[in-house]
Every structure is written in C-alpha cells, then in structure tokens.
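Small disclaimer: the values here were computed from a predicted structure and weren't measured.
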Amino acid sequence: MKKVVIHSDGGCHGNPGPGGWAAVLAYGAHTREISGGAAATTNNRMELLAAIEALRTLKQPCSVEFHTDSEYLKNGVTKWVRGWKRNGWKTAAKKPVKNEDLWRAIDAEATRHEVQWHWVKGHAGHAGNERCDVLANEAIAKIKQAHTSAQLKAALAEFTAAQAPVEPEGLL
C-alpha cells in the first residue's frame, strides 16, 4: 500500500463569505497541490472540502498520514461521525448534523484508505500547513476577482438562506 502524506487547510474572508480550500499531497519525491473555492461558504465547509478533495485525488487505497489545523475536521472524523451515523445523522441533542453532506462524503472517502489523522497548530510555521494556507488564500482571491461585489453579496444571501433551519409546517 502506498504511503501518502497530506496537508490541508480551508478558510474564508468573512464567515460565511468567499472561501478557499487547499491540500498538498506527497508520495515519495512526488508532490501535488490542489485547491478551489466557493463564492459563499464557511471555514468549516472549506476545511472539510479540502480533506474530501485530497482523499478523492488518490486513485487507489493508500496509507495516509493526514495533517490538518482543523480540530472540527479531526474530531469529527475520528470521534463524532460514528455516533452521527448511528443516530441517523443527528447530534446527541437530536439536531441535524451541520454540513452533513460533506461529512457523508468524507466518511465515504476516508473508508477507502487507512488514514491516520493529525492535528497541527495553524500559523505556527508548519511548512505543509503554511503552504496550504497560501494556496487557500490564493483560491479566495481568484473567487473575489471572478465575481463582482453584488454577485458575492447575492451568493452570500443565497448561502445564508439555504443554511437557515426549516420550521415544520403548522408550528408557526
């Protein structure tokens, strides 16, 4: 089984706001950088998407040493996801899991590999994390350049509306 080292990061300008994600994958002497973004999203969604896209990049099952500065990602995938699945994607408080779509995706991708998850302190000089931060910020800059402020505002309004909890009919 190939051993791959992955570093990932995600972020937003505003939370929610324009966001970017990035990952650096290393296998032996080979390195691959990937990144992307969204006009309106959250930091947490970008952290999760970075991990999903990094694991999707692997074409066969691998032994993965995964480094993230997101405790949300690390704890979610190593501690919380089993309980959420057992509870029908509800939290212990019986509320829907936030970012369920991405948690389902990362769970599916991670099960294809043997992943060891490691948390690293962000902005602390860790080379892989710092490179991902640069790439994620470049992705955010590209999003901002590709959209007018009116388009970004509209995307934010649409995103925020989609994130609002839906009230059951008849209870209002």
Side-chain angles (χ1 to χ4, degrees), residues 1-26 34-58 60-124 126 128-133 135-137 139-140 156 158-168:
M1 190 175 272
K2 293 180 179 178
K3 182 171 178 159
V4 178
V5 177
I6 299 175
H7 293 87
S8 73
D9 197 16
C12 281
H13 289 179
N15 192 25
W21 60 267
V24 176
L25 297 83
I34 59 173
S35 62
T41 189
T42 64
N43 288 336
N44 284 343
R45 288 188 69 80
M46 291 294 94
E47 294 282 4
L48 295 175
L49 196 55
I52 293 163
E53 294 299 336
L55 292 172
R56 275 187 185 151
T57 299
L58 303 175
Q60 63 191 47
C62 295
S63 173
V64 179
E65 187 177 311
F66 202 108
H67 301 270
T68 177
D69 65 1
S70 171
E71 291 184 67
Y72 176 69
L73 169 59
K74 182 182 179 287
N75 289 337
V77 79
T78 63
K79 297 178 182 178
W80 307 330
V81 77
R82 279 183 236 97
W84 293 336
K85 287 167 60 174
R86 190 175 48 249
N87 294 334
W89 293 96
K90 302 278 189 238
T91 66
K94 308 286 187 231
K95 299 206 183 265
V97 172
K98 289 183 180 177
N99 304 311
E100 177 186 339
D101 58 331
L102 298 180
W103 284 116
R104 284 178 180 264
I106 198 163
D107 184 52
E109 293 300 328
T111 58
R112 294 180 37 237
H113 309 284
E114 293 177 7
V115 184
Q116 293 295 314
W117 296 91
H118 304 280
W119 179 80
V120 297
K121 184 176 173 92
H123 311 288
H126 189 278
N129 180 257
E130 295 292 339
R131 180 64 185 149
C132 288
D133 185 63
L135 293 169
N137 278 298
I140 294 169
L156 182 58
E158 184 178 332
F159 177 81
T160 303
Q163 300 300 306
V166 176
E167 294 294 331

Out of curiosity, [X] [atom1] to [Y] [atom2], how far, rounded to the nearest 0.5 Å?
X   : Y    : atom1 : atom2 : answer
C62 : M1   : SG    : CE    : 7.5 Å
S63 : Q116 : OG    : CD    : 7.5 Å
N43 : H13  : CG    : NE2   : 9.5 Å
E47 : N99  : CD    : CG    : 11.5 Å
S35 : M46  : OG    : CE    : 11.5 Å
K94 : N87  : NZ    : CG    : 5.5 Å

Quick one: sort the W84 and W89 rings into parallel, tilted or perpendicular, breaks at 30° and 60°.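 If you compare the ring of W84 with that of W89, the planes turn out tilted.
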Do other residues, nucleotides or ligands put more than 12 heavy atoms under 6.0 Å from the CD atom of E158? no
Using only atom types and a distance under 3.5 Å, with no angle test, would you say the side chain of [X] pairs donor to acceptor with the backbone of [Y]?
X    : Y   : answer
N15  : T42 : no
E114 : E65 : no
R112 : L58 : yes

Set out, in order, the CA-CA distance, both residues' side-chain angles and the distance that settles side chain to side chain contact (heavy atoms under 4.5 Å, CB included) for D101 and R45, then state yes or no. CA-CA 10 Å; D101 58 331; R45 288 188 69 80; 2.9 Å; yes
What are the two closest heavy atoms between [X] and [Y], and how far apart are they?
X    : Y    : result
G17  : L156 : N-CD1, 4.2 Å
R56  : A105 : NH2-CB, 3.9 Å
I106 : A51  : CD1-CB, 3.3 Å
L102 : L49  : CD2-CD1, 4.3 Å
A22  : C132 : CB-O, 3.4 Å
F66  : A54  : CE1-CB, 4.3 Å

Is the shortest side-chain heavy-atom distance between [X] and [Y] below 4.5 Å?
X    : Y    : answer
T91  : K98  : no
L73  : W117 : yes
I34  : W21  : yes
I6   : V115 : no
H67  : V24  : no
Y72  : K74  : no
D107 : V77  : no

Considering the options L55, T68, N129, which one meets the side chain to side chain contact (heavy atoms under 4.5 Å, CB included) requirement together with S8? T68
Judged by modelled atom types alone, do D69 and H7 share a side-chain donor-acceptor pair under 3.5 Å?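 The criterion, which ignores hydrogens and geometry beyond distance, is not satisfied for H7 and D69.
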